[in-house]
Amino acid sequence: MGEPAMLNKKSINYKRGGFAAFILVSVLSLFQNCGTYEPLLNPLYDRELLSSCIGPTCQRDLNFLSLYVGNPDPILITRNIERAVDLGGYCDSAGFPSTKIYVELRSGTTSVVAPYASIAQCDSNGRFRVLIELPGTYNYDLAYSIVLTFRAVDEQGNEYDHPTGINRREIALLTAP
């Protein structure tokens, strides 16, 4: 009487173990195709759709001067802890050899930090990253916005805007509760 009962327990244990192994293999097989994952693509540029290209070797056309901020809007910052905002995204220099990104901090329509040229530029892969330090007088109880103005720069240092002014982006800053 003891042997058949023991065989049933072993059989149940094997079934449970087999079922657990089946679940594990199923979950792992979902992740086996990671090799087909697409890298981040610049949403401003697609060789099949646009005649523009990224970088200084391209034909110059200010209609392609564009900036896309990848951060969410609004950006939530932590009260009394965060002292800077790191913005990044994609850009198209419209074939110009250099670019400038101007940063301004506003509260409503009032400029809290006047526009200044950051050290950030559009790189050869069509990306940018700019660190914006909040002033010591930053009031976490107010809503602010960061205004980025993206300009193309030629060999003589002349700066150019998009013909319709769409080279400017505004991102809201709010304090998280």
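Each residue takes its place number in the sequence, starting with 1.
The pair Glu133-Arg83 does not count as a salt bridge, with every side-chain nitrogen at least 4.0 angstrom from each carboxylate oxygen. Note on Glu104 versus Arg169: no salt bridge recorded, every NZ/NE/NH1/NH2 to OD/OE distance being 4.0 Å or above.
In terms of hydrophobic clustering, with Ile, Leu, Val, Met, Phe, Trp and Tyr side chains grouped at heavy-atom distances under 4.5 Å, Val85 and Tyr116 are assigned to a common cluster.
To the nearest 0.5 angstrom, Ile77 atom CD1 is 8.5 Å from Leu174 atom CG. One finds the SG atom of Cys91 at 9.5 Å from the CG atom of Leu65 (value rounded to the nearest 0.5 Å). Taken from CG in Leu142 to CG in Leu173, the straight-line distance is 11.5 Å, to the nearest 0.5 Å. Note that OG1 of Thr175 is 7.5 Å distant from OH of Tyr140, once rounded to the nearest 0.5 Å. We find the CD1-CG distance between Ile166 and Asp161 to be 11.0 Å, quoted to the nearest 0.5 Å.
Remark: the Asp123 side chain and the Asn125 side chain contain no N/O donor-acceptor pair separated by less than 3.5 Å.
Listed here is the closest heavy atom pair of Ala120 and Val130: CB-CB, 3.7 Å. Nearest approach of Ala152 to Ser93, heavy atoms of both residues: CB-O, 4.1 Å. When all heavy atoms are compared, the tightest approach of Val153 to Pro97 is O-CD, 3.4 Å.
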Exercise. Please step through side-chain contact (heavy atoms from CB on, under 4.5 Å) for the pair Arg168 and Val147, ending with a clear verdict.
Key: CA-CA 7 Å; Arg168 186 176 168 271; Val147 179; 3.4 Å; yes

Salt bridge (Lys or Arg N to Asp or Glu O under 4.0 Å) between Asp141 and Arg79: does it pass, once the steps are laid out?
CA-CA 9 Å; Asp141 294 326; Arg79 180 178 300 279; 2.8 Å; yes

Q: Go through the steps to decide whether Ile101 and Ile119 satisfy the test side-chain contact (heavy atoms from CB on, under 4.5 Å), and finish with yes or no.
A: CA-CA 8 Å; Ile101 298 176; Ile119 60 170; over 6 Å; no

Derivation and outcome, side-chain contact (heavy atoms from CB on, under 4.5 Å), residues Gln121 and Ser98: CA-CA 7 Å; Gln121 289 192 13; Ser98 186; 3.7 Å; yes

Next on the checklist: One pair to check against side-chain contact (heavy atoms from CB on, under 4.5 Å): Asp86 and Ile132. What are the steps and the verdict?
Outcome noted: CA-CA 6 Å; Asp86 193 7; Ile132 300 147; over 6 Å; no

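The backbone N or O of Asn63 sits less than 3.5 Å from a side-chain atom of His162, completing a donor-acceptor pair. Put simply, the side chain of Asn167 never gets that close to the backbone of Leu67: no donor and acceptor are under 3.5 Å apart. The backbone N or O of Val103 lies less than 3.5 Å from no partner atom in the side chain of Ser118, so there is not a single donor-acceptor pair. With hydrogens and angles disregarded, no donor-acceptor distance shorter than 3.5 Å links the side chain of Asp92 to the backbone of Ser66.
Leu148 places none of its side-chain heavy atoms less than 4.5 Å from the side chain of Phe150. The closest side-chain heavy-atom distance from Glu159 to Lys100 is below 4.5 Å.
Surrounding CZ of Arg129 are at most 12 heavy atoms belonging to other residues, nucleotides or ligands under 6.0 Å away.
Two rings, from Phe96 and Tyr160, have their centers less than 6.0 Å apart. Between Tyr144 and Tyr138, the ring center distance clears the sub-6.0 Å criterion.
Tyr102 carries Arg151 over the face of its six-membered ring, with the cationic atom under 6.0 Å from the centre and within 45° of the normal.
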